[in-house]
S.K.: 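A single structure is presented below for examination.
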Amino acid sequence: MDAIRFLTPYEFSPTVLVATLLAAVLFARGQRAARRAGEPVGVWRGLGFWVGLGLTYAVLQTHIDYLSQHMFWVHRGQHLVLHHLGPILMVLAVPHAVMARALPAGLRERWLRPLWHHPLVHGSYRLLQNPVVASLLFVGIIYFWLLPSVHFAAMLNVAYYNAMNWSVLAEGLLFWWLILDPRSPAHGGLGFGVRMIMLWAVMPPQILLGAYISLNNGVLFEVYNICGRAWAVSPLVDQQIGGLLTWIPASMMSVITALIVLARWMRDSEGRPAARTEAA
Amino acid sequence: MGGWRRRLALVTAALALMVAGCAPDQDGWRLTNITGLMPELAFTLTDDTGDTVTGADFRGRPVLMYFGYTHCPDVCPTTLTTLRRALGRLDGGAERVRVLFVTVDPARDTRAAMHRYVNAFGPQFVGLRGTPDQLQDLTRRYRVVYNRDKPDGRGNYLVAHSAAVFVFDRSGTPRLVARPSDQPADVAHDLRRLLPEG
């Protein structure tokens with residue numbers, strides 16, 4: 001497969017294209033506005049966002065998506081990006097604060113702010129971001145799409161497949177924002193101790209699931225046998241690698257983000273602001 | 001506290017419903033039930049007599065669709081033989097069923113080669129070939145792979161492809177998937193149910 005073809009979408013999705021372009025344009029304009037205002041977005045913050053957005057787009061709209069449909073372990077890698085790596089890199093940049101600068105003040109103040117404070121929107125957000133609910137959702141969504149019968153349906157039906165990828169990405173953004181919100185508890189962020197407990201709590205279920213998949217002697221996900229694998233790999237080897245990807249890198253993300261939270265917690269308790277609320 | 005507990009219970013119930021609704025249950029079928037999951041039969045290809053045919057041409061008949069190629073060493077002949085035996089087990093109506101054998105190797109599978117190959121299995125077997133774009137459209141539609149290996153020194157090569165047989169009812173709706181492990185009796189059992197169905 002030549003490189004150009006590989007980089008084109010396997011199944012073109014206008015939704016992904018529009019969402020990615022919108023995020024890219026808003027972030028780029030926000031970056032420029034911030035620079036003009038003399039408060040430039042840090043190099044690493046900016047880079048993190050672009051890499052996160054680029055990776056997310058790449059796993060959805062290049063032939064990586066084709067491979068994800070036809071190889072269980074590539075699918076697990078795709079979800080590692082959609083649910084972990086992509087959202088982590090993007091939320092570390094506090095992207096909505098940057099994007100807000102790109103929006104016309106009228107739109108921001110007259111439409112988005114009232115919408116955000118609408119009881120229905122804010123109430124659902126508060127519910128989803130309850131630490132217990134957020135942790136259950138984070139783990140629940142991984143388990144849900146890996147129930148063999150659900151996985152079977154999601155891999156055969158385009159609508160379910162898209163629902164799977166979007167729900168995993170949206171859930172990843174919500175969860176990691178809760179964990180990596182730079183605001184200290186005094187400024188509206190979640191308590192650092194609670195964040196550490198959440199990061200710890202979501203680890204064992206992921207380890208358990210990854211181990212269950214990779215150590216299973218039977219083929220759990222028959223759909224790859226039916227539709228064919230992208231290249232010749234024995235079903236059990238595919239499943240073992242997929243299980244390991246669910247198990248080890250996913251847990252490592254918890255460890256790395258816990259280090260970030262820990263560093264912020266220490267800075268906060270030393271009395272220095274973890275990050276300026278304004279910049280955030 | 002009671003408020004969000006109730007909401008949590010609601011969310012859990014909704015998820016459970018989704019699980020139940022997503023995957024069709026077996027409902028008495030012996031092959032794997034995929035009712036409601038895949039799009040209806042649609043394609044434009046050339047058959048082994050040279051005519052251009054579309055999915056709509058096969059409405060009114062149960063259709064079995066299988067991807068393979070005539071140089072396929074084992075799995076294709078085995079699968080097609082299973083289908084031939086299944087048709088032989090039908091007491092009546094076997095002549096109304098069509099088996100579409102779509103080649104994933106149009107370079108070597110000429111119209112004549114396809115014609116010879118499918119005729120060896122029976123009159124219900126139709127050989128179909130298409131341009132790379134037509135083939136790609138169809139394989140993407142049914143989410144199956146095909147992948148040509150590198151040729152050996154004498155130019156021979158294998159083509160990796162899905163092993164599934166997609167079973168469509170008379171309205172062109174995908175209902176079932178047969179796997180290589182399914183027996184002729186299982187295929188025949190389900191075809192008997194599909195024949196009178198509309």
Side-chain angles (χ1 to χ4, degrees), chain A residues 1 5 8-12 63 65-71 74 123-124 126-137 139-141 143-161 163-164 167 171 219 222-233 235, chain B residues 1 3-12 14-26 31-39 66-68 75 104 132 136-137 139-150 158-166 174 176-182:
Chain A
M1 200 180 301
R5 205 172 86 85
T8 59
Y10 177 62
E11 278 177 320
F12 171 66
H63 272 61
D65 182 47
Y66 164 77
L67 299 176
S68 306
Q69 291 179 24
H70 296 295
M71 194 65 90
V74 183
S124 344
R126 288 279 297 276
L127 171 71
L128 290 175
Q129 296 298 63
N130 171 291
V132 178
V133 176
S135 307
L136 284 175
L137 269 179
V139 171
I141 209 157
Y143 274 70
F144 175 74
W145 291 114
L146 283 173
L147 290 171
S149 63
V150 175
H151 196 75
F152 182 82
M155 282 296 167
L156 287 186
N157 183 283
V158 182
Y160 292 146
Y161 181 76
M164 169 175 75
S167 63
E171 210 293 314
V219 176
E222 185 97 57
V223 67
Y224 303 91
N225 288 351
I226 289 176
C227 294
R229 284 186 169 72
W231 65 89
V233 172
Chain B
M1 210 55 178
W4 77 258
R5 259 203 206 135
R6 210 166 32 240
R7 273 180 281 185
L8 188 65
L10 270 175
V11 172
T12 317
L15 281 180
L17 271 178
M18 271 176 72
V19 183
C22 242
D25 57 29
Q26 273 307 101
L31 308 179
T32 308
N33 189 5
I34 58 161
T35 303
L37 288 178
M38 304 209 91
Y66 178 66
F67 297 88
V75 56
V104 291
Q136 169 104 72
D137 284 348
T139 53
R140 190 190 286 124
R141 188 175 178 85
Y142 293 101
R143 301 178 94 73
V144 295
V145 298
Y146 72 96
N147 205 356
R148 202 174 127 165
D149 287 351
K150 290 212 163 57
L158 295 174
V159 187
H161 59 89
S162 71
V165 180
F166 291 92
L176 306 160
V177 163
R179 294 163 300 167
S181 56
D182 290 317

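Lettering of chains follows the sequences in order, A, B, ..., and the numbering in each one begins at 1.
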S.K.: Tell me, side chain or backbone of A:Val158 under 4.5 Å from chain B's heavy atoms, or both, or neither?
M.R.: both
S.K.: Can you tell which part of A:Tyr10 gets under 4.5 Å to a heavy atom of chain B, answering side chain, backbone, both or neither?
M.R.: both
S.K.: Select one option (side chain, backbone, both, neither) describing which atoms of B:Tyr146 are under 4.5 Å from chain A's heavy atoms.
M.R.: backbone
S.K.: Of all the heavy-atom pairs spanning A:Ser68 and A:Met155, show the shortest one and how long it is.
M.R.: O-CE, 3.9 Å
S.K.: Does B:Asn147 reach the main-chain N or O of A:Ala230 with its side chain, forming a donor-acceptor pair under 3.5 Å?
M.R.: yes
S.K.: So which of B:Gln136, B:Arg143, B:His161 has the largest heavy-atom pair count under 4.5 angstrom toward chain A?
M.R.: B:Arg143
S.K.: Quick check: closest heavy atoms across B:Asn33 and A:Phe152, and the distance to 0.1 Å?
M.R.: O-CE2, 4.4 Å
S.K.: Given 3.5 Å as the limit, does a donor-acceptor pair link the side chain of B:Asp182 with the main chain of B:Arg179, or not?
M.R.: yes
